[in-house]
Amino acid sequence: MSAVAKSQLSREHSLAERVWKIAATVCDPEVPVLTIEDLGVLREADFADGTAKVTLTPTYSGCPAMDTMKADVESALKAEGFDKVEVKMALAPAWTTDWMSEEGKQKLSEFGIAPPTGRAALGRTAQGKVSLSLQVKCPHCGSLNTKELTRFGSTSCKALYSCNACQEPFDYFKVH
Ligand SMILES: [Zn+2]
């Protein structure tokens with residue numbers, strides 16, 4: 001490989017890292033304390049053919065916040081001098097709450113939203129069918145004595161819960 005081609009390659013490699021870092025600063029419009037990196041929504045970043053390429057996987061197929069996130073990623077990269085930006089949506093493999101970083105779950109809790117319980121909440125019934133048994137922990141007092149008020153909370157990604165121990169309502173970020 002020629003020295004020029006090699007330096008070109010390492011330049012593109014570091015540009016891909018920059019694309020990731022810039023995209024990683026974009027926050028979830030619904031939970032402004034969480035970045036799309038915390039959420040695990042940011043899947044890939046690359047720089048090729050003069051184009052910054054980012055792949056996002058929506059947390060929920062009908063999540064209206066995805067359009068906002070896509071536009072935010074585009075404008076964040078354009079503001080940093082990337083003229084050509086491509087944001088792809090990858091629907092498979094489907095997003096799971098396991099992709100959410102520990103830091104992300106921590107931030108969610110501090111924001112007053114119960115973090116998802118993830119795959120650990122999956123159990124099998126006698127028939128071998130997978131059932132989701134959720135014990136949603138209250139982010140205010142930590143009680144597991146909570147009840148679901150509505151399946152759809154302030155947005156389609158969250159459900160509204162109420163705590164029987166401290167009587168505080170809270171949003172629960174749904175497990176997919
Ligand atoms: Zn409580």
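For ligands, and for the atoms within them, numbers begin at 1 and follow the listed sequence. Model, not experiment: these values are computed from the prediction.
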Between T96 and D98 (side chain of the first, backbone of the second, donor and acceptor by atom type, cut-off under 3.5 Å), is there such a pair? yes
Considering only heavy atoms from C-beta outward, does the side chain of V19 approach that of V54 to under 4.5 Å? yes
State, yes or no, whether a side-chain contact exists between D28 and M69 at a heavy-atom distance under 4.5 Å. yes
Are the side chain of T57 and the backbone of A90 linked by a donor-acceptor contact shorter than 3.5 Å? yes
Could you pull out all donor-acceptor pairs under 3.5 Å where a side-chain atom in residues 31-41 meets a protein atom, sequence neighbours excluded?
residue, atom, partner, partner atom, Å
T35, OG1, E37, N, 3.3
T35, OG1, D38, N, 3.0
T35, OG1, D38, OD2, 3.3
E37, OE2, W20, NE1, 2.9
D38, OD2, T35, N, 3.1
D38, OD2, K107, NZ, 2.7

Geometric class of the Y172/Y161 ring pair [parallel <30°, tilted 30-60°, perpendicular >60°]: perpendicular
Which residues and atoms, protein N, O or S only, are under 2.8 Å from the Zn ion (ligand 1)? C138 SG, C141 SG, C163 SG, C166 SG
